[in-house]
Amino acid sequence: MNSLTSHCQFELPAWVGLLLQDWQEPLRTTSQRMELAVALSAENIRQQTGGPFGAIVVNEETSQLVSVGVNLVTTVGLSMAHAEIVALSLAQSSTGEWDLSCSGPMQLVTSCEPCAMCFGAVPWSGVKSLICGARKSDAEVAGFDEGDKPGDWVKLLQRRNIVVQCSVLRAEAAAILAQYGDSGGTIYNVGSGEAPDQQ
């Protein structure tokens, strides 16, 4: 047992706190919320702290920011450290609830629609709504493998009473993905042969 790792962890880059200092709350509109998610994705590229994805969790009743997340796959060496997973994990840690619905109606806002893994995490998180910017095809054009997700994934979430809205500020969010792909950013698909960046 001594040779086995007994824990893993991640934390947001230091620049996130600085970025949030200039962001006005409450985040009352869908556009305001997506603007923050996209800003996080863009800054994550600029700071070279991970992939081109950002996400936030907002309390829908109060419009207050509960948590934020950026993609940390390459910096922490965890394939599951997608922006949505990071944001949801930090929201659950902040509220002390694995079921976010216990802390009020929560909304997940993500700069790109969830990949197969993050899609699976949405209903288990307890969020009541999901807002997406860029689409799966935008991420795939940039080179990312988004996994096998049901074609009717929106309806499947709606069947669980999760409200879904897609393509909010899609052009702005997709532009960040394209910028990352064009700049030669690490595309961390399994079997790509690319080693994680050591930042």
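The figures that follow rest on heavy atoms only: side chains count, while hydrogens, waters and symmetry mates do not.
Here L40 contributes atom CG and Q47 contributes atom CD; the two are 11.5 Å apart, rounded to the nearest 0.5 Å. We find the CD1-CG distance between I45 and L177 to be 7.5 Å, quoted to the nearest 0.5 Å. Annotation: the span from H82 atom NE2 to C118 atom SG amounts to 5.5 Å, rounded to 0.5 Å. Here the SG-NZ distance, from C115 to K149, works out to 7.5 Å after rounding to the nearest 0.5 Å. Note: I56 CD1 to L90 CG = 13.0 Å, rounded to the nearest 0.5 Å. One distance of note links CD1 of I85 with CZ of F53; it measures 13.0 Å at 0.5 Å rounding.
When side chains are defined from C-beta on, C102 does not count as touching T95, because their heavy atoms never get closer than 4.5 Å. Side-chain contact between W124 and L88 is absent, with no heavy atoms from C-beta onward closer than 4.5 Å. With contacts defined as side-chain heavy-atom distances shorter than 4.5 Å, the pair P114/C132 qualifies. Annotation: side chain of T62 is not in contact with side chain of P26 (no heavy-atom distance under 4.5 Å).
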For L36 and V109, what are the C-alpha separation, side-chain angles and deciding distance, and is it a side-chain contact (heavy atoms from CB on, under 4.5 Å)? CA-CA 9 Å; L36 177 52; V109 182; over 6 Å; no
Start with the C-alpha gap between V66 and L100, add the side-chain angles, then the distance that decides, and say whether side-chain contact (heavy atoms from CB on, under 4.5 Å) holds. CA-CA 10 Å; V66 177; L100 290 175; 5.8 Å; no
Can you check side-chain contact (heavy atoms from CB on, under 4.5 Å) on C112 and F144, steps first, answer last? CA-CA 12 Å; C112 185; F144 289 100; over 6 Å; no
Applying side-chain contact (heavy atoms from CB on, under 4.5 Å) to L12 and V70, what does each step give before you reach the verdict? CA-CA 7 Å; L12 293 173; V70 293; 4.3 Å; yes
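Distance alone, capped at 3.5 Å, is enough to place a donor-acceptor pair between the N44 side chain and the G51 backbone. Side-chain atoms of Y180 do not come within 3.5 Å of backbone N or O of A42 as any donor-acceptor pair. Judged by distance alone, the side chain of S125 and the main-chain N or O of V122 form a donor-acceptor pair under 3.5 Å. The closest donor-acceptor contact from the side chain of S41 to the backbone of V38 lies under 3.5 Å. Judged by distance alone, with hydrogens and angles left aside, the side-chain atoms of S167 form no donor-acceptor pair with the main-chain N or O of R170 at under 3.5 Å. Checked by atom type and distance alone, the side chain of D145 never pairs as donor or acceptor with a backbone atom of V190 at under 3.5 Å. Between the side chain of D138 and the main chain of R135, a donor-acceptor pair closer than 3.5 Å is present. Counting only distance, with no hydrogens or angles, the side chain of S111 and the backbone of G54 share a donor-acceptor pair below 3.5 Å. Of the possible donor and acceptor atoms, none in the side chain of W23 sits under 3.5 Å from a partner among the backbone N and O of L19. A donor-acceptor pair under 3.5 Å is absent between the side-chain atoms of Q107 and the main chain of V58, judged by distance alone.
Under the 4.5 Å side-chain contact rule for hydrophobic residues, M106 and L20 do not share a cluster. Following chains of ILVMFWY side-chain contacts shorter than 4.5 Å, one cannot reach M80 starting from V57, and the two form parts of different hydrophobic clusters. Residue I162 is grouped with residue W153 when hydrophobic side chains (ILVMFWY) are merged at heavy-atom distances under 4.5 angstrom, including chains of intermediate members. Connection of V154 to V168 is not established within any shared hydrophobic cluster, with ILVMFWY side chains joined at heavy-atom distances below 4.5 Å, either directly or through further cluster members. Hydrophobic clustering (side-chain heavy atoms under 4.5 Å, transitive across Ile, Leu, Val, Met, Phe, Trp, Tyr) groups L27 together with V68.
Shown here for M34 and G133, the closest heavy-atom pair between the two residues is CE-N, 3.3 Å. For the residue pair A87 and S67, the shortest heavy atom distance occurs at O-OG, 2.7 Å. Closest approach of S79 to V73, counting heavy atoms only: O-CG2, 3.8 Å. Across S31 and L169, no two heavy atoms sit closer than the pair O-CD1, 3.8 Å. A pairwise comparison of heavy atoms in N59 and S103 identifies ND2-O, 3.6 Å as the closest pair.
For residues 29-55, the pairs satisfying salt bridge (charged side-chain N to carboxylate O under 4.0 Å, His left out) are E43-R46, with sequence neighbours left out.
The 12-atom threshold is not exceeded at NZ of K128, counting heavy atoms of other residues, nucleotides or ligands nearer than 6.0 Å. Around the CG atom of D148, the shell of radius 6.0 Å holds no more than 12 heavy atoms that belong to other residues, nucleotides or ligands. Heavy atoms from other residues, nucleotides or ligands lying under 6.0 Å from CE of M117 number more than 12.
Between the side chains of E84 and T110, a donor-acceptor pair is found at a separation under 3.5 Å.
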